[in-house]
Amino acid sequence: MKSQFNDSSITVAVVGCGGFVGSHLLDAILARTQWRVFGVDLDFYRIQHRLRDERCEFMVADLADKSVVERIAKYPVVVNLAAICTPSRYMAEAPEVIRSNYDHPASLADACAKSGSWLIHFSTSEVYGRTSADAGLLVEDETPLTFGPVTASRWSYATAKLLTERYIAGLKNLKWTVVRPFNFVGPYMDFMPGVDGSGIPRVLANFSSALVRGEPLKLVNGGVAKRSFTSVFDAVDFMFALFEAGLAGNSVENDAGKSPFSQAFNVGNPDNEVTIAELAYKMRRIFAEIKCVDVESIPGPETVSGEEYYGEGYDDSMRRLPSVEKAERLLGFKAQTPIDVVLRESLTWFVGHYSNTSHPGTDSASS
Ligand code: UDP
């Protein structure tokens with residue numbers, strides 16, 4: 001273990017520690033380091049098993065509360081994962097989505113600039129915007145960031161996230177790193193609509209829900225858009241590569257061009273690129289294997305229009321392929337998990353977790 005991971009005097013604040021990525025990060029920090037964690041979230045159901053851990057302190061709060069923001073910024077490393085990131089809300093609740101993804105992280109950034117904490121802010125690969133089907137690799141410091149018209153409220157989330165990135169990058173005295181996740185997937189992702197959440201979650205949770213319920217998988221506008229899916233466990237490994245570089249002391253800053261500070265990083269797996277229709281095909285096949293049934297007995301996919309499915313203002317990125325050269329060059333990190341492995345792992349978890357609660361309308365709260 002690296003010496004900085006053995007340092008029990010380090011406390012990391014994780015905002016959004018009860019969420020999909022936060023819960024995996026928390027488990028990994030406790031398993032791989034001697035650090036303490038100050039965890040903030042509104043919902044802790046994914047981390048029940050950690051609530052009594054003596055190395056953790058948890059607070060039920062959000063960043064709307066200035067005193068909480070000040071408290072978080074007292075810790076030397078602050079990871080901000082908190083966000084409204086349910087796609088159907090980008091159209092239905094654009095003002096709330098913008099406030100949560102800009103106002104709150106900006107106030108945390110101000111507090112970290114004042115206290116000297118290292119802020120690791122989770123942004124989104126949606127900042128690359130309305131990419132076309134023939135878009136090539138998306139490169140952090142080169143690719144133009146272009147959104148659709150203001151009436152396409154799908155971009156409310158991406159616009160707020162990008163504004164936060166620009167705000168962070170513009171703050172004097174802030175030690176920062178921005179992370180742009182490319183479709184992280186894995187156990188505990190999102191929710192099952194009507195069971196522990198409402199609205200339309202991201203595609204993996206939607207397809208998993210439909211499979212468990214014996215309903216057709218919905219391909220938005222034919223499922224021709226492409227995404228590169230990344231295992232959440234690879235994402236956690238990226239965080240450790242980042243921690244290692246950032247906490248290695250001045251040597252990192254002195255190592256010309258190798259500092260992880262003042263950088264935005266794509267975190268993705270370009271080897272895992274598929275169309276959404278291919279994703280549906282793979283998930284249907286894997287589900288049949290898990291359930292030991294003939295794939296033909298599982299309903300086939302159906303096409304639906306984006307506006308019909310998500311509501312007015314929906315728009316899409318047609319291709320989102322990350323360049324991962326920067327993370328490899330500065331941090332020595334490269335995602336490893338092939339798509340079939342992460343899909344099987346996620347779907348196995350989903351089936352086990354939701355099989356007894358799969359009836360639409362059993363609306364139990366998620367917390
Ligand atoms: N999508 C789909 N069916 C669904 C959910 C999503 O075809 O049930 C499509 C969506 O239109 C987009 C892609 O899958 O083209 C990925 O959508 P997601 O909401 O997971 O995240 P995004 O990458 O767009 O942020």
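Order of appearance sets the numbers: ligands from 1, and atoms from 1 within every ligand. Quick caveat, the model's predicted, so the values are computed rather than measured. Keep in mind that the numbers below use all heavy atoms, side chains included, and drop hydrogens, waters and symmetry copies.
Taking the ring axis of Tyr128 as reference, the NZ or CZ atom of Arg180 stays within 45° of it and closer than 6.0 Å to the ring centre.
Residue, atom and distance of the protein heavy atom nearest to atom 25 (O) of ligand 1 are Glu126 OE2, 2.8 Å. For atom 3 (N) of ligand 1, the closest heavy atom belonging to the protein is Lys218 O, 2.7 Å. Nearest non-hydrogen protein atom to atom 7 (O) of ligand 1 is Val220 N, 2.8 Å. Protein heavy atom closest to atom 17 (O) of ligand 1, with residue, atom name and distance, is Val203 CB, 4.2 Å. Here the protein heavy atom with the shortest distance to atom 6 (C) of ligand 1 is Tyr310 OH, 3.0 Å. Of the protein's non-hydrogen atoms, the one nearest atom 19 (O) of ligand 1 is Pro87 CG, 3.4 Å.
Proximity to Tyr309 (heavy-atom distance under 4.0 Å) selects the following atoms of ligand 1: 4 (C), 8 (O). Atoms of ligand 1 found under 4.0 Å from any heavy atom of Ala225, numbered from 1 in the order shown, are 15 (O). Remark: ligand 1 atoms within the under-4.0 Å shell around heavy atoms of Leu219 are 7 (O).
Polar contact with ligand 1: present for Arg320 (N/O pair, distance under 3.5 Å).
Remark: aromatic rings of Trp155 and Tyr314 are distant, center separation not under 6.0 Å. Ring centroids of Phe240 and Phe333 are separated by 6.0 Å or more, keeping the two rings apart. For Phe44 and Phe58, the ring centers sit closer than 6.0 Å to each other. Aromatic ring centroids of Tyr157 and Tyr90 lie under 6.0 Å apart. For Trp176 and Phe261, the gap between ring centers reaches or exceeds 6.0 Å.
Of all the heavy atoms of Asn183, the ones lying under 4.0 Å from any atom of ligand 1 belong exclusively to the side chain. By the criterion of a heavy-atom distance under 4.0 Å, the side chain of Arg154, and not its backbone, is placed next to ligand 1. The part of Ile276 lying near ligand 1 is the side chain, judged by heavy-atom distances below 4.0 Å. In Tyr314, the part holding a heavy atom less than 4.0 Å from any atom of ligand 1 is the side chain. Contacts of Phe229 with ligand 1, taken as heavy-atom pairs under 4.0 Å, are absent altogether. Contacts with ligand 1 closer than 4.0 Å are made by side-chain heavy atoms of Asn206 only, the backbone lying farther away.
Under 3.5 Å, the side chains of Ser123 and Glu165 contain a donor-acceptor pair of N or O atoms.
Heavy-atom minimum distance, Ile339 versus Asn272: N-OD1, 3.0 Å. Residues Leu219 and Ile276 come closest through the heavy atom pair CD2-O, 4.0 Å.
For atom 16 (C) of ligand 1, the choice among Arg227, Arg202, Met318 with the nearest heavy atom turns out to be Arg227. Of the candidates Asn221, Asp316, Thr124, Asp316 brings a heavy atom nearest to atom 15 (O) of ligand 1.
Under the 3.5 Å distance criterion, the side-chain polar atoms of Lys334 are left unmatched by any main-chain donor or acceptor of Asn269.
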Subject >> Test log, rule ring pair (Phe, Tyr, Trp, His ring centres under 6.0 Å), inputs Phe243 and Trp35 >> reply: CA-CA 12 Å; Phe243 289 145; Trp35 300 346; 5.1 Å; yes
